[in-house]
Every structure is written in structure tokens, then in C-alpha cells.
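These notes are about the structure you will find just below.
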Amino acid sequence: MPNPSLPGRLARITMNGELPGRADLPLIFDELDYQMACQAYLWALPLVSYAQWQNQHREVFGANEVDLVHYVSYRDRLGLITANANTPYIVGFFDLGVTGPLVIEVPEGHTAGGFSDFWQREFGIPGEMGPIRVGAVRT
């Protein structure tokens, strides 16, 4: 008999005591495959998004390893997967394997942003959102 205590598609599985019926094992494996595909998508989205953004950065705008591109208009952001439609971006894809070490100077003033890796994990937050704020006293 079906198990109404199981969610979604698993509710169709018949139970043989505490184990699923042998005939329903393909349904269980299909559900496991579906769940793994969802996890693969969620884990890959940041990497695929940045790879697509880097492709647009280089192919559409002709930027290289040290160029910054100012994405202002909606048209600028076409082809980007996770970009917001109304947020201006200034983005660079630095390849330290090509350029070697870089020093990036961010002037004080009204700015907010960050530096992140290809998994979209921030490792630096300069400007108003970071440790040096406008009007902060330096000693």
C-alpha cells in the first residue's frame, strides 16, 4: 500500500514492512537521481554563472585579464546569469596565473563592493561596506 507519510513522488511507494517494495526500487533511484541533479545544479550555479560572465566580459566587451568593465544598462547585462537587472557593476576577471600578483587600490569614498572567487565567495570588502569607512579616523 502507498505510504502517505512520505512527501511528493515518494508517497506512491509501497512498503513491505519498514522497507520499500522491490517493485518500487526504480522510483526510489529515480528520486535519488533527481535530488542529486538538483544538488549538482545548486553547486554549479556560481561557477557556471561566473564562467558565463567572464565569457561575456572577454568576448562581448573585449576585456582582458586586467580590464574593468562597467555594466550600466540592461543591455550590458544581457547574457549574464545571476546579475541583477538594475544594479550597476564594475567587474574585472583577474587571472593571476597570467598577470602575477596584483595590487588593487580602492580610493576612499562612496563605494561598496567586494572581491570574490569563482565560487562567489567574498574574500575582500572595500569601501563603505568594509573595514575603512568614509569619515573613519585613521591613526
Side-chain angles (χ1 to χ4, degrees):
M1 78 194 275
N3 188 344
S5 66
L6 294 174
R9 295 178 292 205
L10 292 178
R12 299 180 302 186
I13 294 173
T14 58
M15 299 298 288
N16 184 3
E18 293 183 6
L19 299 173
R22 183 175 291 279
D24 290 332
L25 288 179
L27 293 173
I28 292 173
F29 286 113
D30 286 347
E31 185 65 20
L32 287 171
D33 290 344
Y34 173 76
Q35 294 299 323
M36 291 296 284
C38 289
Q39 285 300 309
Y41 173 82
L42 291 172
W43 278 89
L45 186 59
L47 179 63
V48 170
S49 170
Y50 265 22
Q52 173 63 20
W53 199 324
Q54 183 181 43
N55 182 59
Q56 292 288 107
H57 192 75
R58 300 225 165 117
E59 299 298 322
V60 174
F61 293 93
N64 65 28
E65 288 79 15
V66 294
D67 288 333
L68 297 174
V69 173
H70 190 193
Y71 298 87
V72 181
S73 71
Y74 178 78
R75 182 177 173 87
D76 292 343
R77 290 183 285 278
L78 291 176
L80 305 179
I81 296 174
T82 58
N84 295 329
N86 57 357
T87 301
Y89 294 94
I90 299 174
V91 176
F93 289 93
F94 307 118
D95 185 347
L96 300 180
V98 174
T99 65
L102 290 175
V103 174
I104 300 171
E105 294 183 21
V106 179
E108 288 188 46
H110 294 286
T111 184
F115 299 98
S116 60
D117 63 12
F118 241 56
W119 291 104
Q120 296 186 23
R121 297 175 301 193
E122 285 193 351
F123 58 84
I125 305 172
E128 292 177 342
M129 304 299 284
I132 300 175
R133 291 176 174 72
V134 174
V137 177
R138 291 186 183 186
T139 57

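Interatomic distance, OH of Tyr34 versus CG of Leu27, reported as 15.0 Å (0.5 Å rounding). Distance check, rounded to the nearest 0.5 Å: CD of Gln52 to CD of Glu59 gives 10.0 Å. Note: Leu19 CG to Asn16 CG = 7.0 Å, rounded to the nearest 0.5 Å. Atom CG of Asp95 is separated from atom CG of Leu102 by 9.5 Å, given to the nearest 0.5 angstrom.
Inter-residue side-chain proximity for Gln56 and Leu80 is flagged as met; some heavy-atom pair is nearer than 4.5 Å. At a threshold of 4.5 Å between non-hydrogen side-chain atoms, the residues Ile81 and Leu45 count as touching.
Val48 and Tyr41 end up in the same hydrophobic cluster when Ile, Leu, Val, Met, Phe, Trp and Tyr side chains are linked at under 4.5 Å. Under a hydrophobic-cluster definition in which Ile, Leu, Val, Met, Phe, Trp and Tyr are linked whenever side-chain heavy atoms come within less than 4.5 Å, directly or via other members, Ile90 and Val72 are assigned to different clusters. Residues Val91 and Tyr74 are members of separate hydrophobic clusters, defined by side-chain heavy-atom contacts under 4.5 angstrom among Ile, Leu, Val, Met, Phe, Trp and Tyr. A continuous path of ILVMFWY side-chain contacts below 4.5 Å connects Tyr50 to Val60, so both sit in one hydrophobic cluster.
In terms of modelled atom types and a separation under 3.5 Å, the side chain of Arg121 and the main chain of Ser116 share no donor-acceptor contact. At distances below 3.5 Å, at least one donor-acceptor pair connects side-chain atoms of Tyr89 with backbone N or O atoms of Asn84. Checked by atom type and distance alone, the side chain of Asp24 pairs as donor or acceptor with a backbone atom of Thr14 at under 3.5 Å.
Closest heavy-atom contact between Gly62 and Asp67: O-OD2, 4.2 Å. Of all heavy-atom pairs between Ile13 and Pro20, the closest is CG2-CB, 3.8 Å.
Under the 3.5 Å distance criterion, with hydrogens and angles disregarded, a donor-acceptor pair is assigned to the side chains of His57 and Tyr71. Side-chain polar atoms of Gln35 and Gln39 form no donor-acceptor pair below 3.5 angstrom.
Residues passing the side chain to side chain contact (heavy atoms under 4.5 Å, CB included) test with Leu32 are Ile28, Phe29, sequence neighbours excluded.
Counting non-hydrogen atoms of neighbouring residues, nucleotides and ligands closer than 6.0 angstrom, the CZ atom of Phe61 exceeds 12 such neighbours.
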